[in-house]
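Reckoned from all heavy atoms, side chains included, excluding hydrogens, waters and symmetry mates. All of these numbers come straight from a predicted model, not from anything done at the bench.
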Amino acid sequence: MATKNIPLLDCPIDFLIGDASGKTMNEYGTFPCKIKCGVYAYMVRGSAKATINITQYEFHENDFLLIESGSFLLIHEFTDDALVYYILFSSSFLEKNTFNSRIPMESLQIKSPILHLTTEMGAVMKHFIDLLMEASNCEPSMLSSAKMVHIYSILQLQWKEYAMQVNKNVIQPIDRKTEIYQTYCTMVLEHYHEWRSVARYAEEMRISLPHLCSTVKSVSGKTASDLIIDAIITDAKAQLKITNLQAKEIAVSLGFQSIGAFHRFFKAHTGMTPKAYRNS
């Protein structure tokens, strides 16, 4: 897997600004990763498919993408003609800086990590990132970590402003069913390692189990149980490929009572043992 242009999990420096072709991005599509950096990306041209956390999305020209630190990412495919601009903020940068205007973007990402910008908005975004790349690459660089704190805040505010202009439903769900689904996804991503029963989520959300199950199915096409399983399997795959943790340690982190239970669960849903998947 090539990591020449884009770090696999986190930035070795506070920030990184650049562009990547579809060919480069396809080199990242072999297994899910739990990324540590924060990502803003803009699709200049082409299209792509990727899973963010437990939902698969399609990206097209003029799409503006947000991926929060701690998210699972699996790239399925970029078209050969694709070109994507990216701005990455390292986990250490996000941890050591206090952002007075920081918006709770995790909830917005769950609702929609993609904004479909108008052609005019897209042109402005492209020009903005072009300027940042030029400022970053010149000698000496015109950007510093201190300046990027302000750029980060601008990006957050701009993303929310675009969200309000392009699709108010990103901020306010379009209907009660969508709201229930989004709340359920948020809770699953927070508690999948400890709560396996859909009934527990229904209880916490104060709605009936049949209502929760039927709503999730109608909105996503998947069962409520499927989404819990997807979260567990995605995390397991990421740990097996990215870390050197033993299978029993991964099993414990995911809430399994024994290594045997983890093996059976993983094989039932992937067709492979954890060891076979790690070595594949």
Would you say the side-chain atoms of [X] pair up with the backbone N or O of [Y], donor to acceptor, closer than 3.5 Å?
X: D63; Y: M43; result: no
X: Y85; Y: D130; result: no
X: K126; Y: N62; result: no
X: D235; Y: A231; result: no
X: Y184; Y: A224; result: yes
X: R45; Y: L83; result: no
X: S136; Y: M133; result: no
X: T79; Y: S47; result: yes
X: S214; Y: H211; result: yes
X: S69; Y: K36; result: yes

Measuring only between side-chain heavy atoms, which start at C-beta, is [X] closer than 4.5 Å to [Y]?
X: L74; Y: T234; value: no
X: Y192; Y: L254; value: yes
X: P32; Y: T51; value: no
X: V39; Y: L73; value: no
X: M125; Y: L117; value: yes

Practice task
Kindly determine whether T215 and S218 satisfy side-chain hydrogen bond (donor to acceptor under 3.5 Å, both in side chains), including the steps that lead there.
Solution key: CA-CA 5 Å; T215 299; S218 66; 5.3 Å; no
Exercise for the section: For H191, check ring pair (Phe, Tyr, Trp, His ring centres under 6.0 Å) against everything at least two apart and list the hits. Expected result: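 Partners of H191 under the ring pair (Phe, Tyr, Trp, His ring centres under 6.0 Å) test: W195.
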Problem - Salt-bridge contact E27-K23 (side-chain N to carboxylate O under 4.0 Å) - result: no
With a 3.5 Å cut-off and no angle check, do the side chains of [X] and [Y] form a donor-acceptor pair?
X: T223; Y: S225; value: no
X: T24; Y: S21; value: yes
X: S253; Y: H193; value: no

Exercise for the section: Measure from the ring center of F15 to the ring center of F93 and say whether it is less than 6.0 Å. Expected result: no
Handout entry: Where R278 and K241 come nearest, the two heavy atoms and their spacing
Key = O-NZ, 3.5 Å
Handout entry: Closest non-hydrogen atom pair, F266 against P274
Key = CD2-N, 3.6 Å
Handout entry: Partner set under side chain to side chain contact (heavy atoms under 4.5 Å, CB included) for E58, not counting sequence neighbours
Key =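 Once residues adjacent in sequence are excluded, the partners of E58 under the side chain to side chain contact (heavy atoms under 4.5 Å, CB included) criterion are K49, H60.
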Handout entry: Residue pairs, two or more places apart or on separate chains, that pass ring pair (Phe, Tyr, Trp, His ring centres under 6.0 Å) and touch residues 237-259
Key =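 Output for this query lists F256-F262, F256-F265.
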Practice task
Determine the interplanar angle of the W159 and F64 rings, folded into 0 to 90°, and report it as parallel if under 30°, tilted if 30 to 60°, perpendicular if over 60°.
Solution key: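 Tilted.
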